[in-house]
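Remarks on the structure that follows.
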Amino acid sequence: MATTPVITQLDPIEDYFLVGNEIIIFDAPLAGYTATTTLADFKNPMSIGNIEDGSFAEEGEDATFEDWKNIEGGSVTSTPTEGSNGFSFNHMSFTPERIKKMMGGSALTDTAATATFVKVGSKVTGFGGKKGTIIVCPIAILDRERKRWMLYPKGRIATSLTASGNRYIMKSTVKADFIETPNLETVMYIQGDAVYSTGV
């Protein structure tokens, strides 16, 4: 005897992802991205720190359909275009360490040694040369409870200088590069508490 289908709830319990003040960036996998790369290969997780209020924005493109119409303007079928995933945010902290990590910067140790217009021993950090300011590495957004993650295993991150009022700050735009292996997908939603080092 056939059973009568009944409507059920998609989510047994509804859940929500509220973006918090926490973005985590990792070192790129040492061996690169391969078919055997797993989350365990994402080393040295670091918190970006404070994100400027109102600066977090979605940068992905929505999925769309293009209608194929007949001569009378009626839609016969449509061609879908998949969307993309990305976000942007403004850093509040501005330090040499951040320039090195986010913009591929490097310490220029000899530059200030012979200059007469700055004190001897001044720190000089350069960026924007041939190495560029684009980096590719895992990056994740944490929710406010720090127990839900939106992880881009292969995030392509472009960071540049911008202004916020009278402050010079850094703005990062992130796009999720395609990846599909037995262990990784372009975007991964993780439910699990973040683990911090002692004192953080």
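Since the model is a prediction, treat every value here as computed from it, not as a measurement.
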Item to check | Closest non-hydrogen atom pair between Ala28 and Pro138, with its separation | outcome: CA-CD, 4.0 Å
Item to check | Approximate separation, where rounding is to 0.5 Å, of Asp143 CG and Asp15 CG | outcome: 8.0 Å
Checklist entry - Distance from Glu52 atom CD to Ser93 atom OG, nearest 0.5 Å? => result 13.0 Å
Checklist outcome for this item: When rounded to the nearest 0.5 Å, the distance separating CZ of Phe56 from CG of Asn21 is 11.0 Å
Item to check | Least distance between heavy atoms, Leu161 atom then Tyr168 atom | outcome: CB-CE2, 4.0 Å
Checklist entry - So how far is it from Met102 CE to Ile48 CD1, rounded to the nearest 0.5 Å? => result 4.5 Å
Next on the checklist: Over 60° means perpendicular and under 30° means parallel, so tell me whether Phe89 and His91 are parallel, tilted or perpendicular.
Outcome noted: tilted
Checklist entry - Looking only at heavy atoms, what is the nearest atom pair of Met188 and Pro153, with distance? => result SD-CG, 3.4 Å
Next on the checklist: Students often mix this up, so state it plainly: with edges at 30° and 60°, are the rings of Tyr33 and Phe42 parallel, tilted or perpendicular?
Outcome noted: perpendicular
Item to check | Nearest-0.5 Å distance, NZ of residue Lys175 to CD1 of residue Ile157 | outcome: 13.0 Å
Checklist entry - About how many Å separate CG of Asp193 and CD of Glu145, when rounded to the nearest 0.5 Å? => result 9.0 Å
Item to check | salt bridge (charged side-chain N to carboxylate O under 4.0 Å, His left out) involving Arg146 - partner list, sequence neighbours excluded | outcome: Glu22
Checklist entry - Which of these, Ile139, Val195, Ile25, Ile24, sits in a side-chain contact (heavy atoms from CB on, under 4.5 Å) with Pro45? => result Ile24
Checklist entry - Quick check: are there more than 12 heavy atoms from other residues, nucleotides or ligands sitting under 6.0 Å from CG of Asn44? => result yes
Checklist entry - Can you tell which of Ser55, Ser164, Ser88 makes a side-chain contact (heavy atoms from CB on, under 4.5 Å) with Lys171? => result Ser88
